[in-house]
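Inspection log for the structure reproduced underneath, given as structure tokens.
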Amino acid sequence: MRRLPPVLLEDGCPHDLLSLIRTILAACKEISFRVGQGALSGVLGSTLDENIQGETQKKLDVLSNQLLKDILLESGYVKAIASEEEPGTVAGNPDAEYIVAFDPLDGSSNIDINSLVGTIFSVMRAPKDADPADPNIFLQKGDQQVAAGYVLYGPSTMLALTTGQGTRIYTLDKTQGTFLLTQDFAKVPEHTKEFAINTSNQRHWQPAMQNYIADLLAGETGPRGRNFNMRWIAAMVGDVHRVLSRGGLFTYPEDTKNPEKPYKLRLLYEANPMAMLIEQAGGLASTGYERIMDIEPEQIHQRVAVILGSKEEVEACLSYHK
Ligand code: AHG
Ligand code: MN
Ligand code: MN
């Protein structure tokens, strides 16, 4: 067998940042083990609690959050953390240079059916002399991320990582407990015939998205002149991994199902890190009206519309929003 290159081939990445990423991965290896054990590790099912966003927490949401939080705060590499499962940010080492925002377990409705879930993370620099307890230190544009990644707990556990020099894919060698580089410089194919959207929300979408999807569904006799295929994993981390692997368009658009919650995906924990990974692999990520990584966040749990993936297809979708 070909000898695989060593773990984390992130050239020129500052030592502290690499140590921080390794710390996140240590927690992810533990989550991977628990996910793999499934019912045997007693992690399936829901808790009796809701998170700050009013969603029922799964046992694995809580466990994954606790693992990441403990290991990051103990490491001394982070000034503060923000998590989808925490009401506010949590202060860490005041002298540390970095802050981390994460979705400890994305796709948690998939847990109980033994389907794809993952962890998504975003690393930013803490402003100099900032108070580690000040949540505003997280209100940075996606463009300011110094690293972003996800760990997908699938048939194999995979890491997609960028530190701003392209996106690389690693696979966890469970016999050694190390992530080995298995794809240098992932590239999202520019053209695609595949899209991903929860069509059960169709009647609640805005006209731009209604028209775009209608034209895809019209196939080769419609305005797009070709047939499209649809895939939906119900975990952004799984859908984005497919897009990174073979192209496609993934969207969770604005809808009017619940007027108080027009968007589903969270800017800091989901949209920004995925946007960085996709852009670093040559794709695009937009809300329909604005590049995701240009958004100035106003609060940590803010949600946004997301359209990302193959360049030509995202541009086609954006043309309906003009
Ligand atoms: P989470 O499990 O962290 O709350 O996120 C779930 C998100 C996202 O991963 C996925 O794309 C979407 O919710 C699935 O939405 P549907 O419930 O509409 O399928
Ligand atoms: Mn999520
Ligand atoms: Mn989650």
Side-chain angles (χ1 to χ4, degrees), residues 24 27-28 31 34-35 43-47 49-69 81-87 100-122 148-154 160 194-205 209 213 230-244 248-258 261-275 277-278 285 287 292 300-309:
I24 296 171
C28 292
I31 300 170
R34 306 283 186 107
V35 169
V43 294
L44 305 187
S46 299
T47 64
D49 298 323
E50 280 188 348
N51 66 11
I52 179 74
Q53 340 217 7
E55 301 158 337
T56 307
Q57 284 181 309
K58 298 280 185 174
K59 287 183 194 160
L60 211 52
D61 283 325
V62 176
L63 179 83
S64 307
N65 184 55
Q66 200 64 49
L67 282 167
L68 278 157
K69 183 175 156 181
I81 57 148
S83 163
E84 181 187 284
E85 304 297 340
E86 294 283 335
V100 182
F102 55 86
D103 176 353
L105 203 75
D106 179 63
S108 51
S109 70
N110 280 352
I111 293 167
D112 298 341
I113 58 164
N114 194 22
S115 191
L116 289 183
V117 289
T119 297
I120 310 171
F121 58 89
S122 159
Y150 62 75
V151 176
L152 179 68
Y153 311 113
E194 210 160 58
F195 68 100
I197 189 167
N198 183 344
T199 39
S200 70
N201 294 323
Q202 188 206 347
R203 67 191 185 283
H204 306 293
W205 300 333
M209 194 53 77
I213 298 294
M230 210 290 284
R231 285 286 181 273
W232 184 250
I233 291 175
M236 183 192 204
V237 70
D239 285 306
V240 169
H241 187 69
R242 186 189 56 255
V243 168
L244 257 184
L249 178 139
F250 165 83
T251 178
Y252 213 110
E254 177 177 358
D255 65 49
T256 55
K257 194 158 73 176
N258 173 356
K261 210 179 92 179
Y263 314 111
K264 173 106 178 187
L265 298 172
R266 279 130 303 209
L267 177 59
L268 263 55
Y269 319 117
E270 295 168 321
N272 271 340
M274 293 310 203
L277 288 163
I278 289 290
T287 63
I292 299 266
I300 55 166
H301 294 302
Q302 177 172 343
R303 295 169 188 259
V304 282
V306 172
I307 303 166
L308 61 77

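In each ligand, atom 1 is the first atom listed, and ligand 1 is the first ligand listed.
Among the atoms of E84, some N or O lies under 3.5 angstrom from an N or O of ligand 1. Residue M236 places at least one N or O, backbone or side chain, under 3.5 Å from an N or O of ligand 1. For the pair G107 and ligand 1, the shortest N or O to N or O distance falls below 3.5 Å. For a threshold of 3.5 Å applied to N or O pairs, the pair formed by N201 and ligand 1 contains no separation below that value.
Looking only at atom types and distance, the side chain of N65 has a donor-acceptor partner in the side chain of E86 under 3.5 Å away. E85 and N51 share a donor-acceptor pair across their side chains, judged by distance under 3.5 Å alone. A donor-acceptor pair shorter than 3.5 Å can be found between the side chains of Y252 and N201.
Here the shortest heavy-atom distance to atom 9 (O) of ligand 1, taken over D255, D106, L105, belongs to D106.
Only the side chain of N198 comes within 4.0 Å of ligand 1, counting heavy atoms alone; its backbone N, CA, C and O stay farther away.
Residue E270 approaches ligand 1 through these ligand atoms, each under 4.0 Å from one of its heavy atoms: 3 (O), 5 (O). Using a 4.0 Å cut-off to heavy atoms of R266, the atoms of ligand 1 that qualify are 1 (P), 3 (O), 4 (O), 5 (O). Distances below 4.0 Å separate heavy atoms of D103 from the following atoms of ligand 1: 3 (O). When each atom of ligand 1 is checked for a heavy atom of L265 under 4.0 Å away, the hits are 7 (C), 8 (C).
Taking NE2 from H204 and CE from M209, the interatomic distance works out to 15.0 Å, rounded to the nearest 0.5 Å. Residue S109 holds its OG atom at 7.0 Å from NZ of K58, rounded to the nearest 0.5 Å. How far CD of E84 is from CG of L265: 9.5 Å, rounded to the nearest 0.5 Å.
The shortest distance between side-chain heavy atoms of N272 and I292 falls below 4.5 Å. The shortest side-chain heavy-atom distance between I197 and P253 falls under the 4.5 Å cut-off.
Between F250 and W232, the two ring planes are parallel [angle under 30°; tilted spans 30° to 60°].
The closest approach of D106 to the Mn ion (ligand 2), by N/O/S atoms, is made by OD1. When distances from the Mn ion (ligand 3) to the N, O or S atoms of D103 are compared, OD1 comes out shortest. When the Mn ion (ligand 2) is compared with the N/O/S atoms of E270, atom OE2 turns out nearest.
Among all non-hydrogen protein atoms, the one lying nearest atom 18 (O) of ligand 1 is Y252 OH, 2.6 Å. Here the heavy atom of the protein found nearest to atom 13 (O) of ligand 1 is K264 CE, 3.0 Å. In terms of protein heavy atoms, atom 19 (O) of ligand 1 is closest to W232 NE1, 3.2 Å. Ranking protein heavy atoms by distance to atom 14 (C) of ligand 1, first place goes to A234 O, 3.7 Å.
For N198, the CG atom sits in a packed shell: over 12 heavy atoms of surrounding residues, nucleotides or ligands are nearer than 6.0 Å.
In this structure a side-chain-to-backbone donor-acceptor pair under 3.5 Å is missing from T56 to E50.
Rounded to 10°, the angle that OE2 of E84 and O of L105 form at the Mn ion (ligand 3) is 170°.
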